[in-house]
Each structure stands twice: as structure tokens, then as C-alpha cells.
Amino acid sequence: MTAAAKAQPPAPVAVTANPLAPQAPTLILFGRDGGGRPRAAWFDASDAEAATSAAATMQLSTLPVADEAGRDLAQQLARGRVLPNGRAQLASTKPELVARIAAMAEAEAGQPRPSNPPAATDTAKPAAPVSPEPAEEPPAPRPGDRTFVGHPQPQDRAEIGLGSVVLALEAPGEGWWEAEVIGINGAVFSLRWCDYPTQPTLLRRATELALLPAGAA
């Protein structure tokens, strides 16, 4: 055997990547912003405590996700974020979906909202103390802002934001794949593949993305 044959390096060992498991929703925050628009979002166990504190500060309601019905509602929402200032960031949500969340929260609390208000009586009641007007809410983030939380499954490019799931082209001829928006820098979105979250982040403009068909899961 020659010296050159002895110096050959060993064959490389194949390494299999294991994608990170997605975090399950454990808490839903919901309510209305300063403009009266309904908003809601879900949070996982790692953010639940901070999100609960944010709900108390922002006068939002909470719904623990403890069963299949709660998980079904959470899947229709965008994932929320707790900002460094302690406030929670929630996505704009359809009023009927927020109403379903509120109904479930009331049912679990055992305190359903009365369908009819009590009749007025002639008994004079002391005037309620006047509470100070709440501080003005900061303007909600708009499409294109770094902190804009989009619709979970947008049907218009103006609804694309953090947490939105869209279709992105991997490469010419490679087909379209589901990807989640994880960052915004002006007109450019940072995305990660839903099925391969450990692969490198990809950058796409809104015009380079496609929308999922309505009703697709």
C-alpha cells in the first residue's frame, strides 16, 4: 500500500437536522384598541405570564387555551408579542371571531353577559364617581411598519405582516411553499419556511409573494 493511499481522509458522516417543534398556544388576549377596533392574539407558555400582565395594564381580556375548542380559536389568530415596554401587540381580528372568544371566556368564568339590562326604577341612586379619561393609545402600526402584525392568512397584500403565512417561491422551477413572516424592513419581508424552520431566513418583497386560497389550512 502506498503512502498516498494511507493519507486518504475518512468518509464524511451524514447529519440529520431536526426542525424545532412549534410552541402550542396556551393563552388568548382579546379586546379593542383605542380606536375601537377588535384585536386578538395567542401566546405560548413562555410568554403567558408577561401577556397576562400586559392584559391587566391594557384592560384586555384573557382566555386560557385548555381544550380543543380553545385551540381551534387560537389557530385562527396571529401569534402575539410582548414588547419591551410591557405592552402586548395584537393583530386586527374579525369582530365575529372576537365575539366567539368572548363568549367562550364568559362561559368558562360562569358569568354570562345578561341578554337584557335591568329595568330602570324610580329609586334615586348616588352619582357614580367620575373616573379620569384613559390615556390616548399610541397609533396602531400600519402595513410596512416593523411592528405591524398581519392577518394569519391574508387575502390582500396590505394584510401581510408579522405572523402572516403566505406562499414563497424557493427558486425558479422549485414550486411555491408556505412561509411565515418573521420580520419587516420597509418593503422587504423576512420569512422562514413553515415546514423547515431551521433553514436560513429568506427575503422577499410583497410582489414576490402569493396568498393562500381562502379557507386553506
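Predicted, not measured: the structure shown is a model, and the values here were computed from it.
- Leu60 and Met104 are members of different hydrophobic clusters when ILVMFWY side chains are connected at heavy-atom separations under 4.5 Å.
- In the displayed structure, Glu208 atom CD is contacted under 6.0 Å by more than 12 heavy atoms of other residues, nucleotides or ligands.
- Put simply, CG on Leu90 and CZ on Arg81 are 12.0 Å apart, with the number rounded to the nearest 0.5 Å.
- Atom CD of Glu178 and atom OH of Tyr196 lie 12.0 Å apart (nearest 0.5 Å).
- With sequence neighbours excluded, the residues that form a side-chain contact (heavy atoms from CB on, under 4.5 Å) with Thr62 are Leu27, Leu29, Ala55.
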Leu203 and Ser190: CA distance, side-chain angles, deciding distance, side chain to side chain contact (heavy atoms under 4.5 Å, CB included) verdict: CA-CA 5 Å; Leu203 305 177; Ser190 299; 3.3 Å; yes
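- The salt bridge (charged side-chain N to carboxylate O under 4.0 Å, His left out) contacts involving residues 64-78 comprise Glu68-Arg71, Asp72-Arg100, where partners must be two or more places apart or lie in separate chains.
- The backbone N or O of Ala103 sits nowhere less than 3.5 Å from a side-chain atom of Glu108 that would complete a donor-acceptor pair.
- The heavy-atom pair separating Ala78 from Ala91 by the smallest distance is CB-CB, 3.9 Å.
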Gln155/His151 under side chain to side chain contact (heavy atoms under 4.5 Å, CB included): CA gap, chis, key distance, verdict: CA-CA 8 Å; Gln155 296 303 303; His151 191 278; over 6 Å; no
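- Partners of Ser53 according to the side-chain hydrogen bond (donor to acceptor under 3.5 Å, both in side chains) rule, which considers only residues two or more places apart in sequence or in another chain, do not exist here.
- Atom-to-atom distance recorded for Asp33:CG and Ser92:OG is 7.0 Å, nearest 0.5 angstrom.
- Panel note: side chain Gln89, backbone Thr147; a donor-acceptor pair is recorded below 3.5 Å.
- Listed here is the closest heavy atom pair of Leu63 and Ile101: CD2-CG2, 3.9 Å.
- Residues meeting the salt bridge (charged side-chain N to carboxylate O under 4.0 Å, His left out) test with Asp44, sequence neighbours left out: Arg79.
- Between the CZ atom of Phe43 and the CD atom of Glu49 there is a distance of 13.5 Å, given to the nearest 0.5 Å.
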Leu211/Leu167 under side chain to side chain contact (heavy atoms under 4.5 Å, CB included): CA gap, chis, key distance, verdict: CA-CA 6 Å; Leu211 305 177; Leu167 295 174; over 6 Å; no
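- Residues Met58 and Trp42 fall into different hydrophobic clusters, defined by Ile, Leu, Val, Met, Phe, Trp and Tyr side chains chained together at heavy-atom separations under 4.5 Å.
- Taking both residues in full, the closest heavy atoms of Pro213 and Gln153 are given as O-NE2, 2.8 Å, listed atom of the first, atom of the second, then distance.
- Remark: Ala45 engages Thr26 in a side-chain contact (heavy atoms from CB on, under 4.5 Å) (not counting sequence neighbours).
- Judged by distance alone, the side chain of Arg157 and the main-chain N or O of Ala206 form a donor-acceptor pair under 3.5 Å.
- Checked by atom type and distance alone, the side chain of Arg204 pairs as donor or acceptor with a backbone atom of Leu169 at under 3.5 Å.
- Counting heavy atoms from C-beta outward, Leu191 and Ile182 have side chains that stay 4.5 Å or more apart.
- Between the side chain of Asp47 and the main chain of Ala51, no donor-acceptor pair closer than 3.5 Å is present.
- Residues Val166 and Pro154 share a closest heavy-atom pair of CG1-CG, 3.9 Å.
- Side-chain contact between Leu162 and Phe148 is absent, with no heavy-atom pair separated by less than 4.5 Å.
- The hydrophobic side chain of Leu83 is isolated, with no ILVMFWY side chain under 4.5 Å apart from it.
- When all heavy atoms are compared, the tightest approach of Phe30 to Val98 is CD1-CG1, 4.2 Å.
- From Trp193, atom CH2 reaches atom CD of Glu180 across 13.0 Å, with rounding to the nearest 0.5 Å.
- Under a hydrophobic clustering in which Ile, Leu, Val, Met, Phe, Trp and Tyr are joined whenever their side-chain heavy atoms come within less than 4.5 Å, directly or via other members, Ile184 and Leu202 fall into the same cluster.
- Side chains of Val165 and Pro152 form no contact here, defined as non-hydrogen atoms less than 4.5 Å apart.
- Residues Ile28 and Val82 do not share a hydrophobic cluster, clusters being chains of Ile/Leu/Val/Met/Phe/Trp/Tyr side chains in contact below 4.5 Å.
- Of all heavy-atom pairs spanning Ala40 and Thr93, the tightest one is N-OG1, 3.1 Å.
- Note: the hydrophobic cluster containing Val65 also contains Leu97 (ILVMFWY, side chain heavy atoms under 4.5 Å, direct or indirect links).
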